[in-house]
Amino acid sequence: MPELPEVEFAATVARRIARGRTITSVRVLHRSQRRSLPARDAKSLVGDRILDVRRRGKSQRFALASGRELHVHFRMTGDWLAPGPGAIPRTVRAIITFDDGTSLALDDPRALSVLTLHNEPAGDDGIGPDALDPALRAVELGGRLATRRIPIKVALLDQRIVAGIGNIYACEALWRARIDPRIPASRVKPTTLPALLRAIRATLNAALKRQQRYYGSSEDWSDASRFAVYDREGEPCRRCRTRIKRITQAARSTYFCPKCQS
DNA sequence: CGCGACCTGCAT
DNA sequence: ATGCAGGTCGCG
């Protein structure tokens with residue numbers, strides 16, 4: 001599920017349910033989540049009130065009336081569920097219940113999500129500027145890439161350089177900008193940086209809109225047809241019909257068009 | 001830097 | 001049975 005657009009959308013769901021509400025119980029159902037949010041912390045949340053939910057990169061931060069902050073990171077497969085009456089899916093790993101009877105459930109088949117409680121609001125903690133932050137300019141992005149010799153695709157995945165881009169949209173954005181994912185980050189020409197940033201934002205914004213449009217519908221998220229290159233190895237490039245290639249970079253699959261991305 | 005670990009479900 | 005997955009950390 002979650003790269004920046006999905007997390008952005010999830011944060012709006014969480015905000016709608018939780019903002020202004022007081023927590024009446026926090027149940028952590030899986031040992032993996034219990035490790036990051038021990039029973040003591042979960043218990044201490046009861047009685048606290050949620051002031052707001054913000055997203056930064058791929059993490060969500062719940063600002064609490066006590067001054068503390070609950071961080072939620074979905075990792076690979078987390079998502080929020082607003083459970084109605086009835087059985088709770090077995091992939092639900094934690095449930096936060098509020099004073100009005102509503103609740104927010106962390107649904108995560110792989111149970112890799114991380115919940116952490118902080119006494120102080122975290123600063124930037126090393127995370128780079130958010131990819132959708134309008135204050136981020138091409139020049140700054142260029143500056144952050146200039147010193148890196150790693151491939152541009154790997155650099156885009158590094159949250160310290162720019163926050164919010166994951167494997168799918170890194171591939172998609174590079175295709176859009178016609179940049180070879182293998183070239184060193186420092187070699188991206190200054191003149192193509194604005195195009196890269198535009199491609200990143202267009203890709204993320206399109207995904208966010210799709211997310212909003214299809215929320216609650218039965219569209220299959222894994223349907224690859226909406227990607228230009230991701231998961232389309234061997235299929236024709238939408239621009240030039242060349243076969244999409246798949247390579248491995250930093251132990252992740254990279255998909256690209258060997259002809260128009262060079 | 002690359003790679004295993006963290007977890008589970010799904011496709012092959 | 002095997003291998004792979006939208007993320008991140010910590011190890012060598």
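All chains are named by letter (A, B, ...) in the order of the sequence lines, taking the proteins before the strands, and each is independently numbered beginning at 1.
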Show your working on side chain to side chain contact (heavy atoms under 4.5 Å, CB included) between A:Arg61 and A:Leu70 and close with a plain yes or no.
-> CA-CA 6 Å; A:Arg61 299 168 176 195; A:Leu70 176 67; over 6 Å; no
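No cation-pi contact links A:Arg232 to A:Trp175, judged by a cut-off of 6.0 Å to the six-membered ring centre and 45° from its axis.
Atom CG in A:Leu115 sits about 15 Å away from atom P in C:dT8, given to the nearest Å. Rounded to whole Å, atom C1' of C:dA5 lies 18 Å from atom CZ of A:Phe74. In this structure, A:Leu157 places its CG atom 9 Å from P of C:dT8, rounding to the nearest Å. For A:Asp79 and C:dA5, the CG to P distance is 21 Å, given to the nearest whole Å. For the pair A:Met76 CE and C:dT8 P, the computed distance is 10 Å after rounding to whole Å. Whole-Å rounding puts the A:Asp108 CG to B:dC6 P distance at 16 Å. Distance CZ (A:Arg160) to P (C:dG7): 15 Å, rounded to an integer number of Å. Distance CD (A:Gln60) to C1' (C:dT8): 16 Å, rounded to an integer number of Å.
In this structure, a donor-acceptor pair under 3.5 Å is present between the side chains of A:Thr254 and A:Gln249.
Between A:His118 and A:His71, the ring planes lie tilted relative to each other; the angle falls in the 30° to 60° range.
Residue A:Arg75 is the one, among A:Thr91 and A:Arg75, whose nearest nucleotide of DNA chain B lies closer to the 5' end (criterion: closest heavy atom). Between A:Lys58 and A:Arg110, the residue anchored closer to the 5' end of DNA chain C is A:Arg110, taking for each the nucleotide with the nearest heavy atom.
Summarising the geometry of A:Trp80 relative to A:Leu104, their closest heavy-atom pair is CE3-CG, 3.6 Å, with the distance given to 0.1 Å.
Taking 4.0 angstrom as the limit, A:His73 places a side-chain polar atom (N or O) nearer than this to OP1 or OP2 of C:dT8. The phosphate of C:dG7 has neither OP1 nor OP2 within less than 4.0 Å of any side-chain N or O from A:Gln159. Contact annotation: A:Arg252 reaches the phosphate of C:dG7 (side-chain N/O to OP1 or OP2, under 4.0 Å).
Distance from the side chain of A:Pro109 is smallest for B:dG9 among the nucleotides C:dA5, B:dC6, B:dG9. In this structure, the nucleotide among B:dC6, B:dG9, C:dA5 sitting nearest to the side chain of A:Arg246 is C:dA5. Of all nucleotides listed (C:dA5, B:dG2, B:dG9), B:dG9 comes nearest to the side chain of A:Arg90.
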